[in-house]
Amino acid sequence: MDDPLIQARIDLAAAFRLAARFDLNEGICNHFSYAAPERPGCFLVNPFGIHWSQMTASDLLLVDNGGGVLEGSGELETTAFCIHSRIHLRHPRAACVLHTHMPYATTLTALEDTPLEPISQNALRYYNDVAYDPSYNGIAGDVEEGDRMAEAMGEKRVLFLANHGIIVVGDSVAKAFEDLYYLERACQLQVMALSTGRPLKRVTDNVAATTFTKPDVSLHYAQAHFAALKRLLDAEDASYVQ
């Protein structure tokens, strides 16, 4: 694909379809965004009211950091703008911003003092790279709340929002979706482990810190995983590219 903006639309639409496939979505709520290639200060985001299982590349809105809709005819949902615009503005490294209320990760945000524990190989992907926002301030209806979330994220790539959900950021759709997918799997395992009532078996800090230390390897796996998932979509219903 020669046009990077069109490719970004296709990849982001695929991420929506795949999130629905893995039950990471919730109704028509939550939102994904991507900093528009070659369009500084602009990003792609899903319009209000379209179910993720039916999202297409052309459905996505192109908006600026002031809330202006530059391309697309759908409604820019207020919380999507307030959260995503501020994270893109504060964290240029966050090309892709994924916000969900996926069930197992959100379960951990509903528990007191329950961080993501280093008890599984998947959890080690996020060792020392998770931020926690301990305050729930209601629905994010203004940019000040988005600014607060962006500040809470700091330099981490995952943010747990108390009583709310999570945000994952990455420098590509493939990398961010990889992290979203495995984060939910790690949280699922932790919830299941906690349900036994038995003590958690934590991996030692030195092993946890050295298990995932090669960014080039992680990127290679993320790209291969996302490409494989898109091939599944292509085989079943390639309408997301439209």
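In this chain, numbering begins with 1 at the start of the sequence shown.
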Original post:
Do NZ/NE/NH1/NH2 and the carboxylate oxygens of Arg17 and Glu236 come within less than 4.0 Å?
Top reply: no
Subject >> CD/Glu75: more than 12 non-hydrogen atoms of other groups inside 6.0 Å >> reply: yes
**OP:** Look at atom CZ of Arg198 and say whether more than 12 heavy atoms of other residues, nucleotides or ligands are closer to it than 6.0 Å.
**Re:** no
Original post:
Between His164 and Thr106, do the side chains contain an N or O donor and an N or O acceptor separated by less than 3.5 Å?
Top reply: no
Subject >> ring pair (Phe, Tyr, Trp, His ring centres under 6.0 Å) between Tyr181 and Phe22, worked out >> reply: CA-CA 8 Å; Tyr181 175 88; Phe22 296 119; 5.1 Å; yes
Original post:
What closest approach, in Å, do Leu159 and Met149 show between heavy atoms, and which atom pair accounts for it?
Top reply: CD2-O, 3.5 Å
Original post:
Are His31 and Asn46 linked by a side-chain donor-acceptor pair shorter than 3.5 Å?
Top reply: no
Original post:
Can Ser120 and Asn122 be counted as having a side-chain donor-acceptor contact under 3.5 angstrom?
Top reply: no
Original post:
Will you find, in the side chains of Asp205 and Tyr127, an N or O donor that is under 3.5 Å from an N or O acceptor?
Top reply: yes
Original post:
Do Tyr240 and Leu61 sit in the same hydrophobic cluster, where Ile, Leu, Val, Met, Phe, Trp and Tyr count as joined when their side-chain heavy atoms come under 4.5 Å apart?
Top reply: no
Side-chain donor-acceptor distances from residues 135-142 under 3.5 Å, at least two apart:
unit_1, atom_1, unit_2, atom_2, d
Asn137, ND2, Glu145, OE1, 3.3
Asp142, OD1, Glu144, N, 3.3
Asp142, OD1, Glu145, N, 2.9

Original post:
Take atom NE2 in His51; do more than 12 heavy atoms of anything else shown fall under 6.0 Å from it?
Top reply: yes
Subject >> Full working for salt bridge (charged side-chain N to carboxylate O under 4.0 Å, His left out) between Asp11 and Lys230 >> reply: CA-CA 8 Å; Asp11 285 348; Lys230 286 200 295 182; 2.7 Å; yes
